[in-house]
Amino acid sequence: MGGLIARFVDEGYDAYYVRASNDEKDGSQLPGENDIINHRESVAATKILGMKNVISLNWRNDYTAPIPLNELRSQLIFLIRKYKPDVILAHNPWEHYQKNPDHRNVARAIAEAYWLAGYANVNPEQLTLGVQPYQASFMYLKARLDWGLGQRPNIAMELNEDQVKRKEKAYQTHRNVYAHPASARAMKATLAKENLFIPEFERMDDQQAAVQMEEWYMEWISRERGKQAGVKYAEDYYFVDEFDYVPGLKEYLQKNVRKQ
């Protein structure tokens with residue numbers, strides 16, 4: 001989602017990143033070290049995109065299943081009421097074959113929070129803290145492309161080259177998980193078995209090569225989604241707006257509403 005976040009920031013929006021779990025299992029270190037490193041890299045990545053802050057809820061990684069859904073949902077409802085976002089970006093809770101339990105559980109909680117945050121009788125105790133019921137207008141949902149049926153987008157958001165470059169740099173900042181030297185070593189070994197090599201890697205160490213691989217991947221996927229949408233770069237999403245729950249209303253408005 002990095003390209004769309006960069007685009008929103010460019011258009012004047014304030015952006016905040018909610019980090020639901022502590023990511024302790026992502027990376028090559030012990031859980032406590034992974035937690036610290038991944039948080040630090042999340043802060044660095046969001047700064048590259050121009051985001052204001054990282055808000056960590058610190059639920060334990062891969063332990064969201066036993067969390068009462070209402071607990072996580074109430075935290076997200078409070079954040080929606082506090083920050084009053086126009087737009088929410090999240091995993092798609094209705095995607096097919098999502099293997100990651102945290103993705104499934106957090107996605108469901110945020111989809112429900114998006115809907116319920118506007119009702120005063122939902123978590124009314126929060127109103128004593130000075131927040132008011134509030135519902136965001138738009139939600140952009142994202143899903144995996146390579147698990148089962150994966151993503152079924154209904155919109156593509158065009159990106160410019162600078163936004164894609166910032167997305168590339170933000171992504172490879174997560175070096176404990178993605179741009180790790182071991183990934184470059186594995187790629188080189190796989191290519192060597194086929195008597196192949198990547199010329200650019202000859203003048204790079206493994207860390208530099210790993211970074212380059214991730215930047216190439218982000219550029220490729222942005223270009224691929226752009227090609228499908230008829231533009232140079234894009235990201236695709238399942239888009240939900242304020243009329244999503246009224247069957248037929250959107251089509252009626254598109255057909256009948258005229259500018260004065």
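One-based numbering along the sequence shown. Predicted model only: the values in this text are computed from it and were never measured.
Contact of the Phe78 side chain with the Leu76 side chain is not registered, since no non-hydrogen atoms from C-beta on lie closer than 4.5 Å. Residues Phe138 and Val240 fail the side-chain proximity criterion, which asks for heavy atoms closer than 4.5 Å. Looking at Tyr238 and Ile155, their side chains never come closer than 4.5 Å, going by heavy atoms from C-beta outward. Counting heavy atoms from C-beta on, the side chains of Lys167 and Ile221 come closer than 4.5 Å. Within the 4.5 Å cutoff, the side chain of Ile88 has no heavy atoms near those of the Tyr140 side chain. Using a 4.5 Å heavy-atom threshold, the side chains of Ser42 and Tyr17 count as touching. Residues Leu4 and Leu89 are in side-chain contact: their nearest non-hydrogen atoms beyond the backbone lie under 4.5 Å apart. Here the side chains of Glu215 and Lys169 are in contact, with some heavy-atom distance below 4.5 Å.
Within 6.0 Å of atom OH in Tyr178, 12 or fewer heavy atoms from other residues, nucleotides or ligands are found, so the atom counts as exposed in its surroundings. For Asn256, the CG atom counts as densely surrounded, since its 6.0 Å shell holds more than 12 non-hydrogen atoms of other residues, nucleotides or ligands. Heavy atoms from other residues, nucleotides or ligands lying under 6.0 Å from NZ of Lys82 number 12 at most. Shown here is Lys188, whose NZ atom has more than 12 heavy atoms of other residues, nucleotides or ligands within 6.0 Å. Remark: Tyr119 OH is loosely packed, at most 12 non-hydrogen atoms of other residues, nucleotides or ligands lying under 6.0 Å away. Heavy-atom neighbours of Tyr63 OH from other residues, nucleotides or ligands within 6.0 Å: at or below the threshold of 12. More than 12 heavy-atom neighbours from other residues, nucleotides or ligands sit within 6.0 angstrom of CZ on Phe201. Environment of CZ in Arg108: sparse, with no more than 12 heavy atoms of neighbouring residues, nucleotides or ligands closer than 6.0 Å.
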Arg175/Glu41 under side chain to side chain contact (heavy atoms under 4.5 Å, CB included): CA gap, chis, key distance, verdict: CA-CA 8 Å; Arg175 299 186 182 186; Glu41 292 180 350; 4.0 Å; yes
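Side-chain atoms of Arg104 never come within 3.5 Å of backbone atoms of Pro93 as a donor-acceptor pair (strictly under, hydrogens ignored). In this structure a side-chain-to-backbone donor-acceptor pair under 3.5 Å is present from Lys84 to Arg81. In terms of modelled atom types and a separation under 3.5 Å, the side chain of Asn92 and the main chain of Leu141 share no donor-acceptor contact. The backbone N or O of Asp23 lies less than 3.5 Å from a partner atom in the side chain of Asn38, making a donor-acceptor pair. Judged by distance alone, with hydrogens and angles left aside, the side-chain atoms of Glu158 form no donor-acceptor pair with the main-chain N or O of Tyr233 at under 3.5 Å. Using a distance-only test at 3.5 Å, with no hydrogens or angles considered, a donor-acceptor pair links the side chain of Gln126 to the main chain of Ser74. Checked by atom type and distance alone, the side chain of Arg166 never pairs as donor or acceptor with a backbone atom of Gly3 at under 3.5 Å. No donor-acceptor pair closer than 3.5 Å links the side chain of Asn176 to the backbone N or O of Ile37. Checking side-chain atoms of Asn100 against main-chain N and O of His103 turns up a donor-acceptor pair under 3.5 Å.
Scanning both residues, Pro133 and Gly118, for their nearest heavy atoms gives CB-O, 3.4 Å. Of all non-hydrogen atoms in Ala170 and Ala45, the two that sit nearest each other are O-CB, 3.4 Å. For the residue pair Ala109 and Leu69, the shortest heavy atom distance occurs at CB-CD1, 3.7 Å. Closest of all the heavy-atom pairs between Ala111 and Trp94 is CB-CH2, 3.9 Å. Minimum interatomic distance between Ala20 and Leu57 (heavy atoms only, all atoms of both residues): O-CB, 3.6 Å. A pairwise comparison of heavy atoms in Ala184 and Met213 identifies CA-SD, 3.8 Å as the closest pair.
When only modelled atom types and interatomic distance are considered, Gln172 and Trp216 share no side-chain donor-acceptor pair under 3.5 Å. Using modelled atom types and a 3.5 Å distance limit, the side chains of Asp236 and Gln228 yield no donor-acceptor pair. Side-chain contact of Asn34 with Asp26: a donor-acceptor pair under 3.5 Å is absent, judged by distance alone.
Note on Ile77: it does not cluster hydrophobically with Val106, by side-chain heavy-atom contacts below 4.5 Å among ILVMFWY residues. Residues Leu49 and Leu159 are members of separate hydrophobic clusters, defined by side-chain heavy-atom contacts under 4.5 angstrom among Ile, Leu, Val, Met, Phe, Trp and Tyr. Residues Met139 and Ile55 share a hydrophobic cluster, clusters being chains of Ile/Leu/Val/Met/Phe/Trp/Tyr side chains in contact below 4.5 Å. Note on Tyr83 and Ile110: same hydrophobic cluster, where clusters join Ile, Leu, Val, Met, Phe, Trp and Tyr whose side-chain heavy atoms are under 4.5 Å apart, directly or indirectly. Ile48 and Val164 fall into different hydrophobic clusters, where Ile, Leu, Val, Met, Phe, Trp and Tyr side chains are chained together by heavy-atom contacts under 4.5 Å.
One distance of note links CD of Glu200 with CD of Gln208; it measures 13.0 Å at 0.5 Å rounding. Note that CG of Asn58 is 10.5 Å distant from CD of Glu24, once rounded to the nearest 0.5 Å. Here the CZ-OH distance, from Arg7 to Tyr13, works out to 10.0 Å after rounding to the nearest 0.5 Å. For the atom pair Met157 CE and Met1 CE, the distance stands at 12.5 Å (nearest 0.5 Å). Between the OH atom of Tyr217 and the OG atom of Ser222 there is a distance of 9.5 Å, given to the nearest 0.5 Å. Atom CG of Asn22 is separated from atom CG of Asp35 by 4.5 Å, given to the nearest 0.5 angstrom.
A cation-pi contact links Lys142 to Tyr237, judged by a cut-off of 6.0 Å to the six-membered ring centre and 45° from its axis.
By the 4.0 Å N-to-carboxylate-O rule, Glu219 lies close enough to Arg223 to be salt-bridged with it. Ion pair Glu112/Arg73 flagged as a salt bridge, since at least one NZ, NE, NH1 or NH2 atom sits closer than 4.0 Å to an Asp/Glu carboxylate oxygen.
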